[in-house]
Amino acid sequence: MSESNVSLPDLTGRTAVITGANSGLGLETAKVLARRGARVVLAVRDTAKGEEAAGGIVGETEVRRLDLADLASVREFADGWKGDLELLINNAGLMAVPESRTKDGFETQFGVNHLGHFALTNLLLEHVTGRVVTVSSGLHRSVNRIDFDNPNLEGRYTPYRAYGQSKLANLLFTLELQRRLDGAGSPVLATAAHPGYAATNLQSRSEKPLQDRFMRILNRLVAQSAEAGALPTVYAATQDVPGAAFAGPTGLFMNGAPGPSSRSAAAQDPEAARRLWDLSEELTGTSFPLSDGPAARRTTPVRRAPHRGRRVTVTRRPEARGPG
């Protein structure tokens, strides 16, 4: 497996919220940011697992409950937030699970992977001073559009179709969020990342024993480590990138050093991004909280990244509950 160096800034005095940070990519991201001085808030559904994970992180941490499958929990988390937030990392997700619904009646993967993070971002955005990073997937390419007339995929559901739609939604969300931030004159950046093929517990939740066993074997043989898979998220959170940037592994086999990553034409469609935003506002009852003026129609220059520092090496159901 290929692992890589990333030049990281000193994050002392800054706060990062990472959803789903009790395991996998979220936990590895938390470790890196805490090691560079950030105060890391693990936003997780199961706080006992969160506390256990926090015990293995060197640095300042806090565990708070967040269930992305329940908009009331999302609002409670946001209502309890005080102070500045340098980094909001929308990491938590479900992958290719059997068909089910969130507490609010949404298809689970669309509800958790996209709508929960959409609501969380809008409710916290007035506190964010640095970046909003959303973890997508190379499998966003497996679908070519959002089913706006049937986002729950009723009668059309397959686990991977739903997953692909939710990951495409992550990229369209990032695109429209950056447009709105630009229009409001905000210095905040919206970026996205994907881990390539990284070994996490996401790939073994299909509830199909044979498929789950196969994926575990494939993880051992092919996938890069969760540590390496977290590097694109760290890259999107800390490196000198433009708004709406998409980071991922640059190796031939979805592994290797993090850097700029390509996305499908569907993920670059500004009209689809606006339409998704309007639908998401309607479904979640949340909206962009900053003033949005005429500048929303203009392109703004690339903005700064946090200052660079030393070089380091970095060697989830019936009614659904959000991951972590």
Side-chain angles (χ1 to χ4, degrees), residues 8-94 112-113 115-135 170 177 188-193 195 200 226-227 230-238 286 289 306 314 316 321-324:
L8 297 177
D10 180 2
L11 297 173
T12 301
R14 305 182 188 186
T15 299
V17 166
I18 307 175
T19 66
N22 63 291
S23 65
L25 303 176
L27 177 57
E28 298 304 329
T29 302
K31 289 177 179 178
V32 174
L33 299 184
R35 195 155 56 236
R36 294 302 296 136
R39 168 181 169 254
V40 178
V41 177
L42 287 71
V44 299
R45 177 179 56 81
D46 188 327
T47 55
K49 290 182 179 179
E51 293 290 354
E52 182 179 357
I57 297 174
V58 176
E60 184 181 358
T61 61
E62 180 183 347
V63 176
R64 295 196 186 190
R65 186 177 185 278
L66 172 67
D67 185 351
L68 290 162
D70 181 357
L71 291 177
S73 174
V74 175
R75 289 184 179 278
E76 182 179 5
F77 182 95
D79 287 346
W81 189 264
K82 307 295 180 187
D84 289 344
L85 176 56
E86 174 71 14
L87 297 171
L88 171 58
I89 300 182
N90 294 323
N91 163 83
L94 297 169
V112 170
N113 298 357
L115 292 175
H117 285 127
F118 176 91
L120 181 68
T121 299
N122 280 310
L123 292 169
L124 287 176
L125 196 55
E126 290 178 310
H127 297 280
V128 178
T129 59
R131 298 189 186 185
V132 176
V133 183
T134 302
V135 179
N170 291 153
L177 176 57
V188 172
L189 287 182
T191 63
T200 71
E227 291 174 292
L231 286 174
T233 302
V234 175
Y235 183 98
T238 64
T286 64
V314 182
R316 251 198 149 324
R321 297 176 297 173

Trainee: Taking only residues two or more places apart in sequence or in another chain, which ones pass side-chain contact (heavy atoms from CB on, under 4.5 Å) with A193?
Mentor: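 For A193 the side-chain contact (heavy atoms from CB on, under 4.5 Å) partners, ignoring immediate neighbours, are P232, T233, A236, A247.
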Trainee: Nearest 0.5 Å please: distance from the CZ atom of R36 over to the CG atom of D10.
Mentor: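 With rounding to 0.5 Å, CZ (R36) is 5.5 Å from CG (D10).
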Trainee: Evaluate the criterion side-chain contact (heavy atoms from CB on, under 4.5 Å) for residue pair R35 and V58; output intermediate values, then yes/no.
Mentor: CA-CA 6 Å; R35 195 155 56 236; V58 176; 5.7 Å; no
Trainee: Hey, what do you get for CD (E52) to CG (D46), rounding to the nearest 0.5 Å?
Mentor: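 These two atoms lie 9.5 Å from each other.
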Trainee: Decide yes or no on side-chain contact (heavy atoms from CB on, under 4.5 Å) for L33 and I18, but give the supporting numbers first.
Mentor: CA-CA 10 Å; L33 299 184; I18 307 175; 4.1 Å; yes
Trainee: Which residues pass the side-chain hydrogen bond (donor to acceptor under 3.5 Å, both in side chains) test with E51, not counting sequence neighbours?
Mentor: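 Scan of E51 (side-chain hydrogen bond (donor to acceptor under 3.5 Å, both in side chains), adjacent residues dropped) gives none.
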Trainee: Could you pull out the closest heavy-atom pair between N90 and T121, with the gap in Å?
Mentor: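 Closest pair (atom of N90, atom of T121, distance): ND2-OG1, 3.1 Å.
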Trainee: Apply side-chain contact (heavy atoms from CB on, under 4.5 Å) to F77 and L123, showing your working.
Mentor: CA-CA 9 Å; F77 182 95; L123 292 169; over 6 Å; no
Trainee: Taking all non-hydrogen atoms of both residues, which atom of S73 and which atom of D67 are closest, and how far apart?
Mentor: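 Looking at all heavy atoms of both residues, the shortest contact is OG-N, 2.8 Å.
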Trainee: Please list, chain by chain and in numerical order, all residues satisfying side-chain hydrogen bond (donor to acceptor under 3.5 Å, both in side chains) with T29, sequence neighbours excluded.
Mentor: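 T29 satisfies side-chain hydrogen bond (donor to acceptor under 3.5 Å, both in side chains) with no residue once adjacent residues are dropped.
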Trainee: Between I57 and V40, does the side-chain contact (heavy atoms from CB on, under 4.5 Å) criterion hold? Intermediate values first, please.
Mentor: CA-CA 10 Å; I57 297 174; V40 178; 5.6 Å; no
Trainee: For a quick test of reading the model, state the closest non-hydrogen atom pair linking V74 to G116 and the distance between them.
Mentor: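 For V74 versus G116, the nearest heavy atoms are CG1-O, 4.1 Å.
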Trainee: Out of curiosity, L25 CG to L231 CG, how far, rounded to the nearest 0.5 Å?
Mentor: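 Interatomic distance, L25 CG to L231 CG, rounded to 0.5 Å: 10.0 Å.
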Trainee: Would you say the side-chain atoms of N91 pair up with the backbone N or O of T19, donor to acceptor, closer than 3.5 Å?
Mentor: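 Judged by distance alone, yes, a pair lies under 3.5 Å.
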Trainee: Listed by chain and number, what are the salt bridge (Lys or Arg N to Asp or Glu O under 4.0 Å) partners of R64, not counting sequence neighbours?
Mentor: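 For R64 the salt bridge (Lys or Arg N to Asp or Glu O under 4.0 Å) partners, ignoring immediate neighbours, are E62.
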Trainee: Where do W81 and R39 come nearest, in terms of heavy atoms and distance?
Mentor: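 What the structure gives for the nearest pair is CH2-NH1, 4.2 Å.
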Trainee: Just how far is it from atom CG of N170 to atom CZ of F118, taken to the nearest 0.5 Å?
Mentor: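 Atom-to-atom, N170:CG and F118:CZ are 12.5 Å apart.
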Trainee: Enter the distance from L125:CG to L88:CG here, rounded to the nearest 0.5 Å.
Mentor: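 The CG atom of L88 is 8.5 Å from CG of L125, to the nearest 0.5 Å.
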Trainee: For the atom pair OG1 (T286) and CG (L120), what is the distance rounded to the nearest 0.5 Å?
Mentor: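 T286 OG1 to L120 CG: 9.5 Å, rounded to 0.5 Å.
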Trainee: Suppose we screen for side-chain hydrogen bond (donor to acceptor under 3.5 Å, both in side chains). Which residues come up paired with T61, at least two apart in sequence or across chains?
Mentor: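 Checked T61 against side-chain hydrogen bond (donor to acceptor under 3.5 Å, both in side chains); zero matches.
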Trainee: Are any of the side-chain nitrogens in E28 or K31 under 4.0 Å away from the carboxylate oxygens of its partner?
Mentor: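 Looking at K31 together with E28, the answer is yes, because their closest N to O distance falls below 4.0 Å.
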Trainee: If we ignore angles and hydrogens, is there a donor and acceptor under 3.5 Å between the side chains of T134 and H117?
Mentor: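 The answer is no; no qualifying pair exists.
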Trainee: Quick check: closest heavy atoms across A119 and L71, and the distance to 0.1 Å?
Mentor: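 Residues A119 and L71, closest heavy atoms: CB-CD2, 3.9 Å.
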Trainee: Might you point out which heavy atoms bring P9 and T238 nearest each other, and give the distance in Å?
Mentor: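 Smallest heavy-atom distance, with atoms named: CD-CB, 3.6 Å.
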Trainee: Testing N22, V63, L42 one by one against T47 for a side chain to side chain contact (heavy atoms under 4.5 Å, CB included), which residue passes?
Mentor: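 Only match with T47 under side chain to side chain contact (heavy atoms under 4.5 Å, CB included): V63.
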Trainee: Residues in side-chain contact (heavy atoms from CB on, under 4.5 Å) with L115, at least two apart?
Mentor: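 If we apply the side-chain contact (heavy atoms from CB on, under 4.5 Å) test to L115, skipping adjacent residues, the hits are F106, F110, S280, L283, T284.
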